[in-house]
Amino acid sequence: MRRRSLLALGVAAPVVGIPVDQRHGTRKIGLVDVRQLQDAAARLYGLDYQHGGETLWQAAKASAQNGYEMLETGTYGETVETQLVGATARAQMCAGWLAFDAGRQDVARSSYNEALALARQTGDAEVEVHALSNLAFQSNVLGRPREAMRYTEAAIRAGSAAHSRARLSAIPHLRRAVASSLGQDRTGNAKAITAARKVIDRDFDKPAEEWCSFLGQAELDGVEGTCLAELKQTKRAATLLERAIHGYGDRFARNRALYRVRLASAHLDQRNIDEAADAAGLALEDLTDQVASWRVDNELASVAMRLNNFRHEHVVSEFLDRYSAARS
């Protein structure tokens, strides 16, 4: 998705208007301003699900900066202050998530830690759990499962505080599941997946915030399939990944592309070469049509490298030619 498209949607640099009291030269901040900040994050999450974070993370950082400017220069009461801190923390969470998907790991970690600090200023258990869980997610992807496990345990402890957000408590269990699989702990992985499924079964019909609207049965299947592939249970992994892909439509094109790449990898592990090339080709279509994601790009590059060993197969050769053309 090109920057001009984002500008047309009004999210390239979301700005929250701050009315100025001309008599006193002060900026008055109200709940309308807080809602505008919250809405900007929700729009960016929705675009991320479809297009990935590569072209969006800077817009999210600009939105978070608006929150800091209002906190520092505005005038407001105690209620607005608490909600504005929370909205700024959520804008930082959005910025971190999009920066992570864009491969900007330094920005992502900084944003998550900023969100964590803001959450602790007001005792916001939701953001604290979310921030710690996303730090665990990042650690898993960067190959640091022990660090991920520490963040996960901290998220579970934070989650013992009262909060009302549907599906939230499933997320630390999913991070623990991935960390367990990276450590080849099958028992720990199975327990974590079971715990996450119980939360989703309980909460799925409840309204969820935009940032976790992706979290349903398809995502659980995708995460479990990813874990089982890591644990060398590739046949079961492929079944779950296929189920995840079928559970996602165009609204979640980035996740669908990611699981198509992982399905291709699982097929390669079973030496199902044609099926691997087909799955990789469908992921490439998602990337060509609408998705810009460092995560998907990286994993597809690894699959393409493995497929190169089977270039003599017609379906593989066809995919590799398309992949090469798309990258040029």
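One is the number of the first residue; the rest follow in order along the sequence.
Applying the side-chain hydrogen bond (donor to acceptor under 3.5 Å, both in side chains) criterion to Arg306, with sequence neighbours excluded, gives Ser265, Asp269.
Within the structure, side-chain hydrogen bond (donor to acceptor under 3.5 Å, both in side chains) contacts touching residues 220-237 (residues at least two apart or in different chains) are Arg197-Asp221, Arg197-Glu224, Asp221-Arg243, Thr226-Arg262. Applying the ring-ring contact (aromatic ring centres under 6.0 Å, His included) test to pairs two or more places apart or on separate chains, those with a residue in residues 114-142 are Trp97-Phe137, Phe100-Phe137, His130-Trp211. Counting only residues at least two apart or in different chains, side-chain hydrogen bond (donor to acceptor under 3.5 Å, both in side chains) contacts with residues 134-146 comprise Gln105-Gln138, Arg109-Gln138, Arg109-Ser139, Tyr112-Asn134, Ser139-Glu147, Arg144-Glu147. Counting only residues at least two apart or on different chains, the side-chain hydrogen bond (donor to acceptor under 3.5 Å, both in side chains) pairs with a member in residues 172-190 are Glu153-Arg176. Note on residues 70-79: no pairs pass salt bridge (charged side-chain N to carboxylate O under 4.0 Å, His left out), not counting sequence neighbours.
Side chain of Arg90 to main chain of Gly86: a donor-acceptor pair is present (N/O by atom type, distance under 3.5 Å, no hydrogens or angles). One N or O on the side chain of Asp33 and one on the backbone of Gly30 form a donor-acceptor pair closer than 3.5 Å.
Expressed to the nearest 0.5 Å, how far CG of Leu220 lies from CG of Leu215 amounts to 6.0 Å. Here the straight-line distance linking atom CH2 of Trp294 with atom CD of Glu299 works out to 8.5 Å at 0.5 Å rounding. With rounding to the nearest 0.5 Å, the separation of CE in Met149 from CG in Leu182 is 9.0 Å. Going from atom CD of Gln121 over to atom OG1 of Thr82 covers 10.5 Å, rounded to the nearest 0.5 Å. Rounded to the nearest 0.5 angstrom, Tyr259 OH and Ile245 CD1 are separated by 10.0 Å. Going from atom CZ of Arg322 over to atom CZ of Arg327 covers 15.0 Å, rounded to the nearest 0.5 Å.
Under the 4.5 Å side-chain heavy-atom criterion for grouping Ile, Leu, Val, Met, Phe, Trp and Tyr, Leu31 is connected to Leu71 within one hydrophobic cluster. Side-chain heavy atoms closer than 4.5 Å link hydrophobic residues (I, L, V, M, F, W, Y) into clusters, and following such links, possibly through other members, connects Ile273 to Leu320. Taking hydrophobic clusters as Ile, Leu, Val, Met, Phe, Trp and Tyr residues chained together by side-chain heavy-atom distances below 4.5 Å, Tyr49 shares a cluster with Leu98. Tracing side-chain contacts under 4.5 Å through hydrophobic residues (I, L, V, M, F, W, Y), one reaches Tyr45 starting from Leu47; they form part of the same cluster. In the hydrophobic clustering of ILVMFWY residues, with side-chain heavy atoms under 4.5 Å counting as a link, Leu240 and Leu258 come out apart.
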Quiz item: So Arg311 and Asp321, salt bridge (charged side-chain N to carboxylate O under 4.0 Å, His left out) or not? Walk me through it.
Solution: CA-CA 10 Å; Arg311 181 176 277 278; Asp321 288 344; 3.7 Å; yes

Quiz item: Which is it for Arg271 and Phe310 under the side-chain contact (heavy atoms from CB on, under 4.5 Å) test, yes or no, and what are the steps along the way?
Solution: CA-CA 10 Å; Arg271 296 188 68 81; Phe310 305 96; 3.5 Å; yes

Quiz item: Passes side-chain contact (heavy atoms from CB on, under 4.5 Å), Arg202 versus Val199? Steps please.
Solution: CA-CA 5 Å; Arg202 181 194 70 204; Val199 173; 3.8 Å; yes

Quiz item: So Val127 and Leu118, side-chain contact (heavy atoms from CB on, under 4.5 Å) or not? Walk me through it.
Solution: CA-CA 9 Å; Val127 171; Leu118 288 166; over 6 Å; no

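Contact of the Glu219 side chain with the Ile200 side chain is not registered, since no non-hydrogen atoms from C-beta on lie closer than 4.5 Å. With a 4.5 Å cut-off on side-chain heavy atoms, Thr75 and Arg27 do not count as touching. Trp57 is not listed as a side-chain neighbour of Asp101, based on a closest heavy-atom distance of 4.5 Å or more. Residues Leu268 and Leu307 form a side-chain contact, since some pair of their non-hydrogen atoms from C-beta on lies under 4.5 Å apart. The shortest distance between side-chain heavy atoms of Val296 and Val261 falls below 4.5 Å. Counting heavy atoms from C-beta on, the side chains of Val316 and Asn309 never come closer than 4.5 Å. Within the 4.5 Å cutoff, the side chain of Arg260 has no heavy atoms near those of the Leu263 side chain. Within the 4.5 Å cutoff, no side-chain heavy atoms of Tyr68 are placed close to those of Thr73.
Using cut-offs of 30° and 60° for the angle between ring planes, the Tyr248 and Phe252 rings count as tilted.
Residues Ile156 and Pro172 share a closest heavy-atom pair of CG1-CB, 3.7 Å. Nearest heavy-atom pair, Asp48 versus Gly53, reported as atom, atom and distance to 0.1 Å: OD1-N, 3.3 Å. Closest approach of Leu174 and Ala196 over heavy atoms only: CD2-CB, 3.7 Å. The two residues Ser63 and Ala40 have their closest heavy-atom pair at OG-CB, 3.7 Å. In terms of heavy atoms, Ile29 sits closest to Gly74 at CG1-CA, 3.8 Å. Scanning both residues, Ala264 and Ala280, for their nearest heavy atoms gives CB-N, 3.8 Å.
Taking a 6.0 Å sphere around NE2 of His314, one finds it holds 12 or fewer heavy atoms contributed by other residues, nucleotides or ligands.
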